[in-house]
Protein chains: 2
Amino acid sequence: MREKLPEPSIQRLCLLYRLLSRVEKEGRLTVNSGFLAEQLNVKATSIRRDISLLGEFGNTIAGYEVQPLKQAIFKGLGLESVKRACIVGLGRLGASILNYQGFLMGDVMVVAGFDSNINMLEMMESAVSLYPAYQIDEIVRSRNIEIGIITVPMKAAQGVADKLIQAGIKGILNFTPVVLKSDNSRVTIRNLDFFSELLILSAAISLKER
Amino acid sequence: MREKLPEPSIQRLCLLYRLLSRVEKEGRLTVNSGFLAEQLNVKATSIRRDISLLGEFGNTIAGYEVQPLKQAIFKGLGLESVKRACIVGLGRLGASILNYQGFLMGDVMVVAGFDSNINMLEMMESAVSLYPAYQIDEIVRSRNIEIGIITVPMKAAQGVADKLIQAGIKGILNFTPVVLKSDNSRVTIRNLDFFSELLILSAAISLKER
DNA sequence: TAAATCCTGTGAATATTTTCACAGATAATA
DNA sequence: TATTATCTGTGAAAATATTCACAGGATTTA
Ligand SMILES: NC(=O)c1ccc[n+]([C@@H]2O[C@H](COP(=O)([O-])OP(=O)(O)OC[C@H]3O[C@@H](n4cnc5c(N)ncnc54)[C@H](O)[C@@H]3O)[C@@H](O)[C@H]2O)c1
Ligand SMILES: NC(=O)c1ccc[n+]([C@@H]2O[C@H](COP(=O)([O-])OP(=O)(O)OC[C@H]3O[C@@H](n4cnc5c(N)ncnc54)[C@H](O)[C@@H]3O)[C@@H](O)[C@H]2O)c1
């Protein structure tokens, strides 16, 4: 069925997956590409194309059945294996993510938090286990953690990334403005830099007005 | 010089702009496309293409001069006009962004915060002015705010967006998982949904292993 | 059972983005 | 001054991604 999913399709399918979860909860049984397109703000053709990359779906006059479609994306994107993640850096941002409930009932589970400030660790309340940063290697290996979320100060970012990669992590979600280096192409890195996003937005606004 | 900058170029140029700021601070006078490419993890050709979209730069054997290049991006992306932004929703995430110092010395300035919980506003310490949410329209207009950062609970997101758009905002940075609707194409919307990013990362990892 | 309606899936056309590959410009070197 | 080395800028090719446009299937209606 598949060659290789285009990156934009992967992204849209993830959004679609989450949309379907919500829609399912509302009790809706079918959706058509027009509805999905409207909800996600993309063209209906893209939706149909993306979905067709996962195989074929019968077609009733009503469109797609929610449950099977969701299931197909689930499998098509390899979400069967719920990934385990850790957060490194439990400051303002890290702690706010850590305590955000949405996580616990997801397709990715945050199972550990690390910080170099040991005193602070003792003060923190958290549903997930917290460890000092020097245990990253040990814990990532022993608890089979595949994803690392980096929310440490800029200066510490590359060092933390190195440790995570060393420990065999497979993916990194990087919240710092640092562009992380990895000699290991096995590791997938995604950057989520608020300030760059703000700058891009600012530029987009200016350019639109030209 | 310009037709219209491609979206990917805008994004890379923003990252480049920030990189140049750092590089400049380190006292470096010139950079070449190879160095920039390495730092940003993209191909050198892309860098040269992006830059060439902004016009031409003399070319010494050393590459580009940092200062003029930075300036060119600055103008090319319309960053001359420092944009004023506000944050709506001062909970865990919103407050953490609000208090993050990086903001105050940037190309975008956060000048106001809003929350519907008035008691909380009185408790909060902040360098920027805080207002109750019902004043959004008034303050956005009077203080010439062009960007709105949305960090309210999902349920409130569309309502807040509507208010901001109503008040004449030009861009929205949306941290909620809600896909915001706008009948007004004047408004640029960027989404920054952590959980979707995590899901995309998770999918990317799985698919890479196939 | 025939007609009308409302979908999906997808070749083919377009549009966009990236990459190649090299001409030409500049500085350093001999 | 000639030679060499090191860059940029950019046509043109290649790779990707989006969109069009419509055939054909399913369901409803008459
Ligand atoms: N706070 C925000 O809203 C915000 C917004 C955008 C970007 N960021 C980025 O997120 C990162 C963190 O920001 P923050 O405001 O949460 O910072 P913070 O200072 O509040 O927290 C950083 C935490 O990392 C810990 N730490 C430092 N070095 C470490 C190491 N080597 N290993 C493990 N832990 C270590 C510190 O003890 C601290 O608890 C920064 O890179 C920042 O640029 C933050
Ligand atoms: N906390 C995180 O780490 C995190 C991570 C990913 C996404 N998010 C998203 O960010 C958003 C905020 O998350 P949070 O954890 O900060 O929530 P929170 O509950 O801590 O804060 C929300 C704030 O918004 C205020 N608010 C509610 N309705 C409002 C309205 N109509 N106008 C103005 N203010 C209003 C509340 O008073 C509260 O202070 C959510 O949509 C969440 O999905 C948060």
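As the structure is a computational prediction, the values presented were derived from the model and not from experiment. The figures here come from the full heavy-atom set of this structure, side chains too, leaving out hydrogens, waters and symmetry mates. So you know, we letter chains A, B, ... as the sequences are listed, proteins then strands, and number each from 1.
A parallel orientation is assigned to the rings of B:F74 and B:Y17, their planes being inclined by less than 30° (bins at 30° and 60°). In this pair, A:F195 and B:Y100 present their aromatic rings parallel. The plane angle is below 30°, not in the 30 to 60° band.
Residues of residues 29-38 of chain B having a heavy atom closer than 4.0 Å to DNA chain D, listed by number: B:N32, B:S33.
Applying the salt bridge (charged side-chain N to carboxylate O under 4.0 Å, His left out) rule to pairs touching residues 167-182 of chain B yields A:E209-B:K170, B:E146-B:K170, sequence neighbours excluded. For residues 196-206 of chain A, every residue pair satisfying the side-chain hydrogen bond (donor to acceptor under 3.5 Å, both in side chains) rule, not counting sequence neighbours, is listed here: A:D193-A:S196, A:S196-B:R18, A:E197-B:R190, A:S206-B:K83. Residue pairs meeting the salt bridge (charged side-chain N to carboxylate O under 4.0 Å, His left out) criterion with at least one partner in residues 147-162 of chain A, sequence neighbours excluded, do not occur; the list is empty.
Other residues, nucleotides and ligands contribute over 12 non-hydrogen atoms within 6.0 Å of the CD atom of B:Q135.
Straight-line distance from the OH atom of B:Y64 to the P atom of C:dA25: 16 Å, rounded to whole Å. Remark: P of C:dA25 and CZ of B:F57 are 19 Å apart, rounded to the nearest angstrom. Atom P of nucleotide C:dT16 and atom CG of B:D50 are separated by 16 Å, given to the nearest angstrom. For the pair B:I47 CD1 and C:dC20 P, the interatomic distance rounds to 15 Å; values are reported in whole Å.
B:R49 is linked by a side-chain hydrogen bond (donor to acceptor under 3.5 Å, both in side chains) to nothing, counting only residues two or more places apart in sequence or in another chain. Residues meeting the side-chain hydrogen bond (donor to acceptor under 3.5 Å, both in side chains) test with B:R141, sequence neighbours left out: B:D137. Partners of B:Q11 by side-chain hydrogen bond (donor to acceptor under 3.5 Å, both in side chains), not counting sequence neighbours, listed by chain and number: B:E7. Looking at residues two or more places apart in sequence or on another chain, you find no side-chain hydrogen bond (donor to acceptor under 3.5 Å, both in side chains) involving A:E80.
Aromatic pair B:F175/A:F194: ring centres closer than 6.0 Å.
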What donor-acceptor contacts under 3.5 angstrom involve side-chain atoms of residues 22-33 of chain B, with partners at least two apart or in another chain?
unit_1 : atom_1 : unit_2 : atom_2 : d
B:E24  : OE1    : B:K70  : NZ     : 2.9
B:E24  : OE2    : B:Q67  : NE2    : 3.4
B:R28  : NE     : B:T30  : O      : 2.9
B:N32  : OD1    : B:G34  : N      : 3.1
B:N32  : OD1    : B:F35  : N      : 2.8
B:S33  : OG     : B:R48  : NH1    : 3.2

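Chain A approaches DNA chain D over the interval D:dA17 to D:dT27, counting the first and last nucleotide 5' to 3' with an atom under 4.0 Å from its heavy atoms.
Contact between A:C86 and A:V140 at its shortest, heavy atoms only, is SG-CG2, 4.4 Å.
The end-to-end axis angle of the helix from C:dT1-D:dA30 to C:dA30-D:dT1, rounded to 10 degrees and based on five pairs per end, is 0°.
With the nearest nucleotide of DNA chain D identified for both A:I61 and A:R12, A:R12 has the one nearer the 5' end.
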List, with names and distances, any nitrogen or oxygen atoms from the protein found under 3.5 Å away from nitrogen or oxygen atoms belonging to nucleotides 12-14 of chain C.
unit_1 : atom_1 : unit_2 : atom_2 : d
C:dA12 : N6     : A:R49  : NH2    : 3.1

